[in-house]
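See below for the structure under consideration.
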Amino acid sequence: MEHNLPQRGSAKPLGREEASPREKKVFVKTYGCQMNVYDSQRMADALAADGFRPADTIEEADLVLLNTCHIREKAAEKVYSELGRIRLLKEERAKRGQETVIGVAGCVAQAEGREILRRAPVVDLVIGPQTYHRLPAVVQRAKAGEKIVETEYAIEDKFEHLPAPERRVVKSRGVTAFLTVQEGCDKFCTFCVVPYTRGAEVSRSVAQIVAEAERLADAGVREVTLLGQNVNAWHGEGPDGSEWGLGRLLFRLAEIPGLDRLRYTTSHPRDMDDELIAAHRDLGKLMPYLHLPVQAGSDRILKAMNRKHTASDYLSLIERIRKARPDIALSGDFIVGFPGETDADFEDTMRLVREVTYAQAFSFKYSPRPGTPGAEMDAQVPDKVKDERLQRLQALLAEQSRAFAESLVGVEIDLLLEKPGREPGQLVGRSPWLQPVIVDANAGRIGDIVPVKVLRAGTNSLFAERKVMSIKDNAMGVRV
Ligand code: 5AD
Ligand code: SF4
């Protein structure tokens, strides 16, 4: 999915709690984007209502779910190698008389369906992203020995049926949270599987979203990131009966007490409307960071990609956004080696990157995906050429994000303290521009937003010191 930043190594057990020895346990391993991270949590919530507790390790799980990503070939292949390891694990457990149900969820499940059972007979159930609310029932049937493929698009709204997480579970998940507001995509970029795996664009209702955001705030969450494959295409009917877009929704969410930071990801340039740009101008709670993928800098390639915008459309949009919010940091996604991409086309991408200057960006070699128009196109680019282009592009992007980080040295920023750092006495938070920031502070301060001064920029994070407040500030009740 275009729009979701890759999450690396997120195989953590979800919301661990105390468990009695005979409790059923589930281990969810998440691949791919933030949407999958969110879905994994909701699956865990649905299963918790059915008596499943999160397992600390995959070995002790009675139910293993792989929540998969199909965006590039490599991502999909990872699933099969993991299933090879899981087969051995299931055999080991069987020797000890323990039953294990293995499920594949997510976009590989949706795209490959029954083929998964053929390639990996160890799998008991395959379930697509639109049917997670049926998971407890499906698991019951799998335990009774049935092999199940559940990939029909559900007529009912999965979010209406997925239970809300308990307050203590939300609390254990921390002070930042994802909230899916929109799923699916109608854009059909010719390289992308998302319209096939996640289906047509669907928006959740204002009431559902506001209720979930209020529940999160009530459980101590201070920063919410709204998610959608095409999040800025979100629309819904407001309480006044008028049609709302994402900008209006952000204004509404900013009214919720306790929610101090809002973000959204990820967006399509075509759907950045005036109200959303105004939200960046007027809402202090909306963080000055925007992931706005362009994919390529050549109009010929953008057309072949069916992106529905030109390079200059994108550049003038960036100009408008920067005018509204001068300190906004931009992030993007790029594909090199799309079919037909010449050296000159690639140079257009390099030029666009130089013109925009990104704070951060993700870049990939084009990976032909079965069933997408791009995979059928002539003039596929040789892998060696893709490698060279990717290297050059990544060097430029790395230089830009390094320069951005360096530009913050000496700057004072507000930091939301999120979790313990690697060293004792350290906490890690995120800058307004999403960089991890490390600072000395004690764990009791997690959830606080504190002023810090950036001391230096490391490879992937910033190091900062707490700003000493003046006596006057303290007298005004500012906690240090
Ligand atoms: N090959 C390479 N990269 C892809 N992406 C999406 N589909 C493909 C593909 N077939 C990239 C896009 C998208 C990001 C999440 O993944 O850049 O924005
Ligand atoms: Fe994003 Fe295009 Fe894929 Fe839709 S089809 S998810 S707009 S890359």
Side-chain angles (χ1 to χ4, degrees), residues 1-8 31-37 68-78 106-108 110-111 129 180-203 227-234 246 264-272 290-298 301-309 313-314 330-341 346 349 352-353 358 360-377 380-381 383 385-387 389-390 393-394 397:
M1 65 194 68
E2 145 144 279
H3 312 99
N4 290 322
L5 306 182
Q7 290 274 314
R8 289 170 230 286
Y31 299 83
C33 63
Q34 289 111 328
M35 181 84 71
N36 272 8
V37 175
T68 61
C69 173
H70 199 245
I71 198 94
R72 286 170 290 276
E73 193 181 354
K74 248 196 210 157
E77 283 307 313
K78 268 193 209 157
C107 294
V108 177
Q110 188 64 43
T180 293
V181 300
Q182 179 279 336
E183 261 198 283
C185 180
D186 295 340
K187 297 273 190 307
F188 290 91
C189 298
T190 52
F191 51 80
C192 185
V193 285
V194 166
Y196 311 96
T197 55
R198 291 277 176 166
E201 219 175 88
V202 180
S203 292
L227 297 182
Q229 270 96 20
N230 235 304
V231 72
N232 60 345
W234 177 89
L246 189 70
Y264 61 94
T265 199
T266 113
S267 301
H268 191 286
R270 280 274 292 229
D271 295 318
M272 281 309 293
L290 176 62
H291 184 65
L292 194 63
V294 63
Q295 311 294 356
S298 146
I301 295 299
L302 287 170
K303 188 147 194 277
M305 287 176 162
N306 192 30
R307 287 291 294 178
K308 304 181 173 82
H309 60 77
D313 294 336
Y314 181 81
L330 288 161
S331 153
D333 290 338
F334 295 89
I335 295 177
V336 299
F338 187 77
E341 187 186 70
F346 175 66
T349 299
L352 179 138
V353 170
Y358 288 90
Q360 196 194 11
F362 301 88
S363 47
F364 313 96
K365 288 195 284 184
Y366 172 65
S367 166
R369 307 308 290 128
T372 60
E376 307 298 318
M377 289 180 185
Q380 297 285 331
V381 174
D383 207 48
V385 177
K386 288 185 196 169
D387 276 331
R389 290 180 187 164
L390 187 66
L393 177 60
Q394 290 191 336
L397 291 168

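All ligand and atom numbering here is 1-based and tracks the order in the structure. Bear in mind that the values here come from a model prediction, so they are computed numbers and not experimental data.
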Strictly below 4.0 Å, N to O, side chains only: are K308 and D271 in salt-bridge contact? no

So, are E341 and K386 salt-bridged, with charged N and O less than 4.0 Å apart? no

Among G337, C192, S367, closest by any non-hydrogen atom to atom 9 (C) of ligand 1: S367

Under 4.0 Å, heavy atoms only, figure out whether ligand 2 is touched by the backbone of V193, its side chain, both or neither. neither

Within reach of ligand 1, part of F364 (heavy-atom separation under 4.0 Å): side chain

For ligand 1, note which part of Q295 has a heavy atom under 4.0 Å away: side chain, backbone, both or neither. side chain

Out of the candidates R198, E183, H268, only one should pair with N230 under the side chain to side chain contact (heavy atoms under 4.5 Å, CB included) rule; please name it. H268

In chain order, what residues pass the ring-ring contact (aromatic ring centres under 6.0 Å, His included) check against Y314, with sequence neighbours excluded? none

State whether the shortest distance between N or O atoms of R72 and N or O atoms of ligand 1 falls below 3.5 angstrom. yes

Across all chains, not counting sequence neighbours, the salt bridge (charged side-chain N to carboxylate O under 4.0 Å, His left out) partners of D186 are none

At a threshold of 2.8 Å, where the distance has to be below it, does atom 2 (Fe) of ligand 2 have an N, O or S atom of C192 nearby? no

Quick note on ligand 2: atoms under 4.0 Å from a heavy atom of P195 include exactly 5 (S)

